[in-house]
Amino acid sequence: MTFKLPELPYAYESLAPYMSAETLQFHHDKHHQAYVDQANNLAGEGSKYAGKSIEQICQEAFAAKDQPVINNVGQHYNHIHFWQWMKKGGGGNKLPGSIEKLVTAYGGYDKMRADFIEAGKTQFGSGWAWLALKDGKLVVMKTPNGENPLMHGASPILGCDVWEHSYYIDYRNARPKYLEAFVDNLINWDHVAALAEGKV
Ligand code: MN3
């Protein structure tokens, strides 16, 4: 497949003050674009990955320990969803029905929120904090660099990018404050529900 940078689903200014236009300009236009360019060089048309879905490529590259593809196609997949996992006026504990069920079975919203933030705080160096489905159940995960739950036998439904490029302009070194703002003010639960229900 040919990988393409998706447009942001909102204006650059719309997530402020929780995520600034400047952060989104660098993060989307520069960082994500670089992953797209590398993904096309490494796993685009003419490569052994041609004709496969991005989810399949993530899994096959991880199984084959193909680190450059894990990094760049993984990050492309992660960012395609990351932009959609946020919206103006998002976050908080008003959950779509399908997600509320999963969260209740997990142990409730407060436990899920605390565990997700803790996963992001304790991911040493660059990586991601996740909610994923494994054997039909909600799990909290963390992964380094460009990895994602697809590579670890689970289906991601929510991810927060904890690479410094995602928060350093707005929060400097305060990763926990960024994670709290993401959960309380930015999450687009509709996209989380769409993934959980297999609609994306
Ligand atoms: Mn990023």
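Whatever order the structure lists ligands and atoms in, that order sets their numbers, starting from 1. Hydrogens, waters and symmetry mates play no part in the numbers below; they use all other heavy atoms, side chains included. Since the structure is predicted, the reported quantities are computational estimates derived from the model, not experimental observations.
Ring planes of His79 and Trp83: tilted class, angle from 30 to 60°. Between Tyr178 and Phe182, the ring planes are tilted. Angles from 30° to 60° get that label.
With 3.5 Å as the limit, one finds a donor-acceptor pair spanning the side chains of Tyr106 and Asp115. Looking at His81 and Asn148, their side chains never bring a donor and an acceptor atom within 3.5 Å of each other.
Residues Trp128 and Pro149 have side chains not in contact (no heavy-atom distance under 4.5 Å, counting atoms from C-beta outward).
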*Tell me, with the steps shown, if Lys94 and Trp189 meet side-chain contact (heavy atoms from CB on, under 4.5 Å).*
CA-CA 8 Å; Lys94 286 210 180 83; Trp189 285 112; over 6 Å; no
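Listing protein N, O or S atoms at distances below 2.8 Å from the Mn ion (ligand 1), with waters left out, gives His27 NE2, His79 NE2, Asp161 OD2, His165 NE2.
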